[in-house]
Amino acid sequence: MKVVIVGGVAGGATAAARIRRLNEQAEIVVFERSGYVSYANCGLPYYIGDVIADPDALTLQTPGSFLQRFRVQMKVRHQVTAIHPDRKTVSVTDLATGRVFEERYDKLLLSPGAKPTRPSFLVADHPQVFTLRTVEDTFRIKQYVTERQPRSAVLVGGGFIGVELAENLRELGMDVTIVQKSSQLMTPFDPDMASFIHAEMRRHGVKLALGRTVTGFVENNDGMDVLLEGEKPLYADMVILAIGVTPDTALAREAGLALGIRGAIVVNERMETSIPDIYAVGDAVQVKHFVTGEDALIALAGPANKQGRIAADNICGGDSQYHGSQGSSILKIFDLTAASTGIGETAARRAGITVEKVILSPMSHAGYYPGGKLMTMKVLFEKETFRLLGAQIIGYDGVDKRIDVLATAIRAGMKATALAELDLAYAPPYSSAKDPVNMAGFMIDNIARGVVKQWYVEDAADLPRDGSVTLLDTRTPGEYAYGHIAGFVNIPVDELRQRLNELDSRKPVYVICQSGLRSYIATRILTGNGFDAYNFAGGFRFYDAVMNDRRLAEVALPCGMNG
C-alpha cells in the first residue's frame, strides 16, 4: 500500500507516524510546500517575542528524523498542484528545482491546513505587511523586527494569533494597536467575559480599536497608514494581518471533492471525503460541533492531531470515528490565562438553545494558603434539561485544570448539576475542599431546586427605579462607597436580619454583592422571611468590569495614535 499525504504539519505528520506504527510495509510519502514539517504553529509568536530563543525548538521533527525513525519520505518544498482521482495520482512541483512529476497513490490524505485570510482590498504585497502561518513567515517577521527595529505595529484581527502577537511585540517594547471589526477580541468568549481580556491588554499598554473596519493600506515613508472606515488613519512601522484563516482547499475544489462551509472539505466520521480513497483532516475540513451537532470550522491543533490518527487507522483497515470538536482552547494574555470549551451564550442563542448560566469568582486554591488568586468562571447549560453546554474561565493559576475538567464533563455528556458530585483532588496549595468546579455545580443545583433565582448584567439598566422593586447592595459601607449601581441601597448582609423592617416584603428584591456569595446568603435570608429575592450573577466585580469595558470601547481613537 502506498500512501501519499499532502501537508506535513499537525494532522499530516501525526497520520504519517500512525500509519507506520500500524503498517511496517506501507510506503508513505509526505509532500510539504514549506521548508519545515511537524512544526509548532502555536509557538511561532513566542519566537518572535524572544520567549523561545532557539529556532530549532519550533520543529518537533525534521525530514531526516522522520525518515530515520518512521521510514517516511518527507519531501519539503514540494507543492502538490493537482489531484487526479481517475488514475490515483497527484501532480507535484519541486519548488527548489522546478521539476514537475506525478506521484501514484493507493490512499491519499489531504492535510493542507488553512491560510491567513487576506482582505479583498489587499491587491499587492507590501514589505511592511505580514501574515503568520509558516516557520518562514516567522523568520521573515523576526528578521524585520531585528533589522528595522520598528517602534509601532498594527495588528488587524483580535483572535489567537493577534492577541499572542500583541503580547510578544509589546514585550519587545513596541507600541501595539489591535484593530478588530467586531466589538470584542477572542470571539470564542462571550462579550462579558471578553471584558477581562480587554482590561488586561489595556493594562499592559496595548491599544484596542474595537468595532473598527480597515479599508486599506497606504505606504508612508518607511511605514504604513492603516485606513479606517470613518476615522483618521493609524500609522505603523509594520502591519500584521491576523483576521482569521480560510480553509486551503483549492486542490480539493479542482479535484471535485464536496465542499462545505467557506469551502472546507466535507468528510464523514471516518475522515473520508466524497471521493473513494481520499481522506482529509485538520483546519481544511468541516466537522460537527460536539455540543450543537451543527457543521463547523474549528481550526485547532488538538482536533487536527486526533483526526490524523483516526484517518490513519482507517487507511490501515480500521474503523475509527471522529465524533466532533468542542473547541477547547486556552490562551496566555500577559499575566492572565483565558480558556473556553463548548459553546458560549452568544453561540447558544444563535443555535436556538435556551441557555442559562452561572458566574462565580472563586479562588485558585484554599484562601488561607498564601498566593491564591481570583478567577472568573462562566458555566452554561440548557435551561430545560440542564445539559452542560460550555464554560469560559479567566484568571491566573488553576484555569487550565478547571477548563479541562469541564471539557471532560461535556464530552462525557454530564448534566450541569452533576458537577457538584465530582470527586476532585484537594490540597491547600492546589484547590479548596469545594473546588471551583464543584461550586459551579452547587450553584446550578440550587437553580434546579428553585433555591435561588438570578438576575444578570443585561438586566441592570432596565430595573425600575420608581420604587416598585427593592434594589439592595449587601456589601460593606466601604465597598459600597467605592462604587455601586445607581439606585441600590446599602444594607450589609450581616445586618440584614436586624434591618428587615426597612424593606417592603411585597416588593421583589434584586440583590448584589462583590462576588455573588454574600448576596446569595442575603437572598436566602430574605426568602426565609417571605420576600421574593433575586441574586445577581457574578457580583459587582463582574458588573464593574463589563461596564468599564463598554465605556472604554466608546472612547474615540486619539488623533495620531501610533504616530
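Numbers here simply count residues along the sequence, with the first being 1. Fair warning: this is a prediction, and the values are worked out from it, not measured in the lab. Heavy-atom basis, side chains included; hydrogens, waters and symmetry copies ignored.
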Starting from the C-alpha separation in whole Å, work towards a yes-or-no answer on side-chain hydrogen bond (donor to acceptor under 3.5 Å, both in side chains) for R541 and S515.
CA-CA 6 Å; R541 172 180 170 271; S515 69; over 6 Å; no
Is there a donor-acceptor pair closer than 3.5 Å between any side-chain N or O of [X] and the backbone N or O of [Y]?
X	Y	result
Q326	A407	yes
R349	I353	no
R524	S519	no
Q184	M186	yes
R212	L210	yes
R133	A114	yes
S325	G327	no
E345	D190	no
T476	E479	yes
Q180	G158	yes

Is the gap between the ring centers of F540 and Y480 under 6.0 Å?
no
Kindly state whether the ring of W455 and the ring of Y534 have centres lying under 6.0 angstrom apart.
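They do not qualify: ring centres at least 6.0 Å apart.
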Assess whether atom [atom1] of [X] is packed by more than 12 heavy atoms of other residues, nucleotides or ligands within 6.0 Å.
X	atom1	result
R449	CZ	no
K415	NZ	no
R151	CZ	no

Candidate pair H484 and D473, rule side-chain hydrogen bond (donor to acceptor under 3.5 Å, both in side chains), full reasoning:
CA-CA 8 Å; H484 60 269; D473 190 319; 6.0 Å; no
Which residue pairs satisfy the ring-ring contact (aromatic ring centres under 6.0 Å, His included) criterion with at least one member in residues 342-367, sequence neighbours excluded?
H365-Y369
Summary of ring-ring contact (aromatic ring centres under 6.0 Å, His included) pairs that have at least one residue in residues 384-426, sequence neighbours excluded
F381-F386
Full working for side-chain contact (heavy atoms from CB on, under 4.5 Å) between T376 and I393
CA-CA 6 Å; T376 302; I393 310 177; over 6 Å; no
N168 vs Y47, test: side-chain hydrogen bond (donor to acceptor under 3.5 Å, both in side chains). Steps then yes/no.
CA-CA 9 Å; N168 280 278; Y47 174 71; over 6 Å; no
Between R411 and F290, is NZ or CZ placed under 6.0 angstrom from the six-membered ring centre and within 45° of the ring axis?
yes
Given side-chain hydrogen bond (donor to acceptor under 3.5 Å, both in side chains), test N535 with T523 step by step and report yes or no.
CA-CA 6 Å; N535 187 34; T523 61; 5.4 Å; no
Which pairs with one or both residues in residues 485-497 pass side-chain hydrogen bond (donor to acceptor under 3.5 Å, both in side chains), sequence neighbours excluded?
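Qualifying pairs: E495-R499.
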Check ion pair E167-K332 (N to O, under 4.0 angstrom)
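A salt bridge links E167 with K332.
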Side-chain H-bond candidate by donor/acceptor type, [X] with [Y], under 3.5 Å:
X	Y	value
S431	R402	yes
D397	Y430	no
T131	R118	no

Shortest non-hydrogen separation from P233 to D225 and the atoms involved:
CB-CB, 4.2 Å
Minimum heavy-atom distance between A242 and I161, given as atom pair plus value:
CB-CG2, 4.0 Å
Y510 and side chain to side chain contact (heavy atoms under 4.5 Å, CB included): which partner among L471, D459, D532, T470?
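One option only clears the test, and that one is L471.
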Does the pair T354 and E384 meet the rule for a side-chain contact (heavy atoms from CB on, under 4.5 Å), with working shown?
CA-CA 8 Å; T354 306; E384 298 85 2; 3.5 Å; yes
Chi angles and distances behind the side-chain contact (heavy atoms from CB on, under 4.5 Å) call for M375, K373
CA-CA 7 Å; M375 66 178 73; K373 294 182 178 179; over 6 Å; no
